[in-house]
Amino acid sequence: MQQLNRTTAALTPRTERILQFGEGNFLRAFVDWIVCKMNNECDFDSGVVVVQPIEHGMVDLLNKQDGLYHLILQGIEDGQPVKTTELIDSVTRGINPYAEYDNYMEVVKSPELRFVISNTTEAGISWDENDTLDMMPQKSFPGKMTALLYERFKAFDGAKDKGLIVVCCELIDRNADFLKKYVFQHAKNWQLETEFITWLDEACAFCNTLVDRIVPGFPKDNIKEIQQEIGYEDNLVVVGEYFHLWVVEAPDWVQDEFPAEKAGLNVKFVADNRRYRDQKVRVLNGAHTGTFSVALLFGIETVKEAIEDEVVGGFMKRMVYDEILKTIDADAEELKVFAEKILERFYNPYIRHEWKSIALNSMSKWETRNLCSLKDYVAKQEQLPSHLVFSLACLFVFYRGEFNGKAMPVQDDAIHIDFMKNTWQQYDADKDTLRLAQSVLAYKSLWGSDLNDIDGLAEQLAQYIDGILSEGVVAMLNEL
């Protein structure tokens, strides 16, 4: 079997116009696939130089294959299962700036460079006051970006047409706003010229984005069969779902330079991405976090099994259609279509999406993804959303750590686990479910306020918790 590289798979050379921080599965299954599509469909002619954002990574493996790899997309489209396998050739090479700083700087100072794309994880866009301009490279991503942009500013004497379009894919709200804030702060701390600050503001664009595609990653369980099928020894195969969405908050001129729409891609350029983010967080993430504890207490392990189950799937759909959608200010029919597309993804027969992985850090996830819907439903409908309240009751029972003799996969910050453990121990002593509910609702450091102020919430929660403990989840779901 041949090793996959540009000798064994002769392909069109590309101009290196994109610098990408991050070599992980998501960027390769999402951004680099999108670039590949635009190259093939619109003559975008853009190669991606991948920068390893930390000292130890996988650019050596990437370079062994000359940046080539296969992407397998699997999912549901219009109710039918689909599967495609594509050779992705948009990545030209990888650079480790900790070992190849001069090569890294050559790309930074290249006249053809136009875009910087990043996914340095949620922890990547963070402030490090110890970064200095003379480091090669700086420790933090904002430090690296400040130095990168300053070197480019100097190399082209502040030419406005040599600014860069910076597109952030980190899974944090207003990702590029945070990066820009830290870049400006480093520039100030390093006492860089005011002309550079002006150039950053006028010649560069920092674009907030919302990304959406489930990427399980490297298919280690059946990689040998896949390699036989594609005919190459490819050790960078990545698997992703068929669905994709990229919402980019950017000026109109950025869209003119990034022809995703012409390539038929689901990439939306908008002036403000907050509506899309709100929809995604409340519907997709909210459905996951709102259902995980219900499903695990019920005895269901995966998302697909849950959506196909008459009882748990019915609960999830009613929570989304009857409660969550009513909290979002948008066209009702448009929201319904959006929700249908989201829930269709849960039927994906190719992805085993386990509830225990969704359960990670679910106290803070529920606060971020579901509490907003609960509060807004109360404000708009003047009554409690029964399914969201039942979801919260199941969350509380899940954090007991055990249900009907079975251990629950609780994984969270120690402070939340300890709080819930102590609260349940108090319940075991006094058997007062209302007091249990009131105690957890008063946990201001998590919720941001005392949720006992929501009229009737503690009482309904106590009723549901009583029912779950005495009658079981199945009986309570049937009552709902």
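Values below: all heavy atoms of this structure, side chains included; hydrogens, waters and symmetry mates excluded.
Note that the CD1 atom of Ile223 and the CD1 atom of Ile226 stand 5.0 Å from one another [nearest 0.5 Å]. To the nearest 0.5 Å, atom CD1 of residue Ile214 and atom CG of residue Asp212 are 7.5 Å apart. To the nearest 0.5 Å, the span separating CD on Glu323 from OG on Ser373 amounts to 9.5 Å. From Tyr377, atom OH reaches atom NZ of Lys326 across 5.0 Å, with rounding to the nearest 0.5 Å. Taking OG of Ser364 as the start and CZ of Arg369 as the end, the distance is 8.5 Å to the nearest 0.5 Å. Distance check: Thr84 OG1 to Leu73 CG gives 4.0 Å after rounding to the nearest 0.5 Å.
Counting only heavy atoms from C-beta outward, the side chains of Trp447 and Trp366 approach each other to under 4.5 Å. In this structure the side chain of Leu245 reaches within 4.5 angstrom of the side chain of Lys268, judged on heavy atoms. At least one side-chain heavy atom of Ser140 sits less than 4.5 Å from a side-chain heavy atom of His186. The side-chain heavy atoms of Gln227 and Leu4, taken from C-beta on, include no pair separated by under 4.5 Å. The shortest distance between side-chain heavy atoms of Ile351 and Arg345 does not fall below 4.5 Å. Looking at heavy atoms from C-beta onward, Lys406 lies in side-chain contact with Met408 at the 4.5 angstrom threshold. Within the 4.5 Å cutoff, the side chain of Asn119 has no heavy atoms near those of the Val31 side chain. Residues Asp131 and Tyr182 fail the side-chain proximity criterion, which asks for heavy atoms closer than 4.5 Å.
Gln52 places no side-chain N or O within donor-acceptor distance of the main-chain N or O of Glu23, the cut-off being under 3.5 Å. Side chain of Asn175 to main chain of Glu170: a donor-acceptor pair is present (N/O by atom type, distance under 3.5 Å, no hydrogens or angles). Asn348 places a side-chain N or O within 3.5 Å of a backbone atom of Gln74 that can act as its donor or acceptor partner. Under the 3.5 Å distance criterion, the side-chain polar atoms of Lys365 are matched with a main-chain donor or acceptor of Ile358. Judged purely by atom type and a 3.5 angstrom limit, Trp355 has no side-chain atom pairing as donor or acceptor with the backbone of Thr291. Although no hydrogens or angles enter the test, the distance criterion places a donor-acceptor pair under 3.5 Å between the side chain of Lys380 and the main chain of Thr327. Without hydrogens or angle criteria, Asp278 side chain to Arg274 main chain gives no donor-acceptor distance under 3.5 Å. In this structure a side-chain-to-backbone donor-acceptor pair under 3.5 Å is present from Gln65 to Asn235. Between the Lys144 side chain and the Lys139 main chain, a donor and an acceptor come within less than 3.5 Å of each other. Judged purely by atom type and a 3.5 angstrom limit, Ser391 uses its side chain to pair as donor or acceptor with the backbone of Gly290.
Atom CG of Asn361 sits in a crowded spot, with more than 12 heavy atoms from other residues, nucleotides or ligands closer than 6.0 Å. Around CD of Gln228, the count of heavy atoms belonging to other residues, nucleotides or ligands within 6.0 Å does not exceed 12. The 12-atom threshold is not exceeded at CD of Glu310, counting heavy atoms of other residues, nucleotides or ligands nearer than 6.0 Å. Residue Glu354 qualifies as enclosed at atom CD: its count of foreign heavy atoms under 6.0 Å is above 12. Counting heavy-atom neighbours within 6.0 Å of Asp252 CG, excluding the residue itself, gives a total of 12 or less. A 6.0 Å sphere centred on NZ of Lys431 holds more than 12 heavy atoms belonging to other residues, nucleotides or ligands. Sparse packing is recorded around CD1 of Ile415, with 12 or fewer heavy atoms of other residues, nucleotides or ligands lying under 6.0 Å away. Counting non-hydrogen atoms of other residues, nucleotides and ligands closer than 6.0 Å to CD of Glu261 gives a total of 12 or fewer.
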Yes or no on side-chain contact (heavy atoms from CB on, under 4.5 Å) for Thr433 and Tyr427, after CA distance, side-chain angles and deciding distance?
CA-CA 7 Å; Thr433 311; Tyr427 168 82; 3.5 Å; yes

Step-by-step side-chain contact (heavy atoms from CB on, under 4.5 Å) determination, Val389 to Leu461
CA-CA 6 Å; Val389 176; Leu461 268 174; 4.0 Å; yes

Applying side-chain contact (heavy atoms from CB on, under 4.5 Å), run through Tyr464 and Ser386 and close with a yes or a no.
CA-CA 10 Å; Tyr464 286 155; Ser386 59; 3.4 Å; yes

Before giving the answer on side-chain contact (heavy atoms from CB on, under 4.5 Å), spell out for Phe390 and Leu480 the whole-Å C-alpha distance, their side-chain angles and the decisive distance to 0.1 Å.
CA-CA 9 Å; Phe390 185 77; Leu480 278 178; 3.5 Å; yes

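A salt bridge does not link Asp322 with Arg318: every distance from a Lys NZ or Arg NE/NH1/NH2 to an Asp or Glu carboxylate oxygen is 4.0 Å or more. We find that Asp221 and Arg352 are not joined by a salt bridge, their nearest charged nitrogen and carboxylate oxygen being 4.0 Å or further apart. Between Glu77 and Lys341, at least one side-chain nitrogen of the basic residue sits less than 4.0 Å from a carboxylate oxygen of the acidic one, meeting the salt-bridge criterion. Looking at Lys64 and Glu233, no side-chain N of the basic residue comes within less than 4.0 Å of a carboxylate O on the acidic one, giving no salt bridge.
Scanning both residues, Ile465 and Ala393, for their nearest heavy atoms gives CG1-CB, 3.9 Å. Residues Leu62 and Gly94 come closest through the heavy atom pair CD2-CA, 4.4 Å. Here the closest non-hydrogen pair linking Pro409 and Leu296 is CG-CD1, 4.0 Å. Residues Phe178 and Ile172 come closest through the heavy atom pair CD1-CD1, 4.5 Å. Closest approach of Val48 and Val35 over heavy atoms only: CG2-CG1, 4.1 Å.
Under the 3.5 Å distance criterion, with hydrogens and angles disregarded, a donor-acceptor pair is assigned to the side chains of Tyr443 and His416. For the 3.5 Å distance criterion, the side chains of Trp33 and Glu86 qualify, holding a donor opposite an acceptor. No hydrogens or angles considered: a donor-acceptor pair under 3.5 Å links the side chains of Glu249 and Asn208. In the model, Asn25 has a side-chain atom that pairs as donor or acceptor with a side-chain atom of Arg28 under 3.5 Å. Counted by atom type alone, Thr302 and Glu305 present one or more donor-acceptor pairs between their side chains at under 3.5 Å.
Under the 30°/60° scheme for interplanar angles, the aromatic rings of Phe258 and Phe44 are found to stand perpendicular. Phe26 and Phe30 have parallel rings, their planes meeting at less than 30° on a 0 to 90° scale where 60° marks the start of perpendicular.
Note: Phe346 and His288 meet the aromatic proximity criterion, with ring centroids under 6.0 Å apart.
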